[in-house]
Amino acid sequence: VHRTKVRIVEDALDANNTIARANREDFDRHGVAVVNLMSAPGAGKTTLLERALAQPLAGVRAGVLEGDVQGSFDADRLAALHVPVTQLNTDPGFGGECHLDANMVRSAMPAVPLSEIDLLVIENVGNLVCPAEFRVGEDARAMVCSVTEGEDKPLKYPLMFRTCELVVINKIDLLPHLEFDLDLFLYHLDQVNTGVARMLVSARTGEGVERWRDWLVSVTQRAAATVA
Ligand SMILES: Nc1nc2c(ncn2[C@@H]2O[C@H](COP(=O)(O)OP(=O)(O)OP(=O)(O)O)[C@@H](O)[C@H]2O)c(=O)[nH]1
Ligand SMILES: [Mg+2]
């Protein structure tokens, strides 16, 4: 019984990867770089996007795909910015899933103005476990971890920390009020993903946000160079 169960999970992930590759080809055809942005609920994904996209990125037209179980709170927040925002709810057709998968992203693609953007940031559903298991056709994975979450998170949820190429450490404005040991957190981070790029930011004060904007631009340029 156990063996069968493992097999089914593997098949499901294979099927997901096939659709993710189809998404990837469509994004490439339109010259769109894709970032899969993940975190635990409330780490600050939407706030970081509000900050990053309040002003145009240098030479990069950005769009956002908002993944949520329900509601359009985050999409509404981003609607104030002058970037195209597409809402994708996992609730109606997808059983309220706790993550986005390649098929969900594929179903939303007709609503994304791919020919008008160079970069699509996909804000995944807030969850430290499941989103890490599903590729959606992204060029890069970034995660946000806030200093209120504790130093042990890389060790407890290693897959997400391991499969990301950037860890944004957010809410550093709160450090004076917390017991958070940043060195210990970074030590744990290096245990699961040695040397992974990391940046310290506060979406509240704006500290470090310029580097986050630069990273979004550099990922877009890198993807364009790969496809060309
Ligand atoms: N103090 C402080 N609060 C922040 C910072 N970034 C975000 N917040 C707050 O944290 C809360 C959650 O932020 P969101 O941006 O909604 O987080 P999220 O990751 O998009 O949340 P979900 O989409 O629900 O997973 C909000 O009340 C933000 O104002 C920060 O740098 N410092
Ligand atoms: Mg959000």
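The model shown is predicted, which means the values in this text are computed figures rather than measured ones. We count ligands from 1, going down the list as the structure has it; atoms in each ligand are counted the same way. We use all heavy atoms of the structure for the numbers below, so side chains are in, but hydrogens, waters and symmetry mates are not.
With W212 contributing its side chain and V201 its backbone, the two residues share no donor-acceptor pair below 3.5 Å.
No donor-acceptor contact under 3.5 angstrom links the side chains of D190 and T194, judged on distance only. With no hydrogens or angles considered, a side-chain donor-acceptor pair links S146 and E149 at under 3.5 Å. Looking at R106 and N23, their side chains do bring a donor and an acceptor atom within 3.5 Å of each other. In this model, no donor atom of one side chain and acceptor atom of the other lie less than 3.5 Å apart for R204 and T47. Side-chain atoms of N16 and N103 include no donor-acceptor pair closer than 3.5 Å. Remark: the E66 side chain and the T86 side chain contain no N/O donor-acceptor pair separated by less than 3.5 Å.
Note on residues 115-149: pairs passing ring pair (Phe, Tyr, Trp, His ring centres under 6.0 Å), not counting sequence neighbours, are H99-F134.
Among protein atoms, those of element N, O or S found less than 2.8 Å away from the Mg ion (ligand 2) are T46 OG1, D74 OD2, E123 OE2.
For ligand 1, the protein residues within 4.0 angstrom (heavy atoms only) are S39, P41, G42, A43, G44, K45, T46, T47, D74, R77, E123, G126, N170, K171, D173, L174, S202, A203, R204.
Legend: residues meeting side chain to side chain donor-acceptor pair (under 3.5 Å) with E151, ordered by chain and number and at least two apart, are absent.
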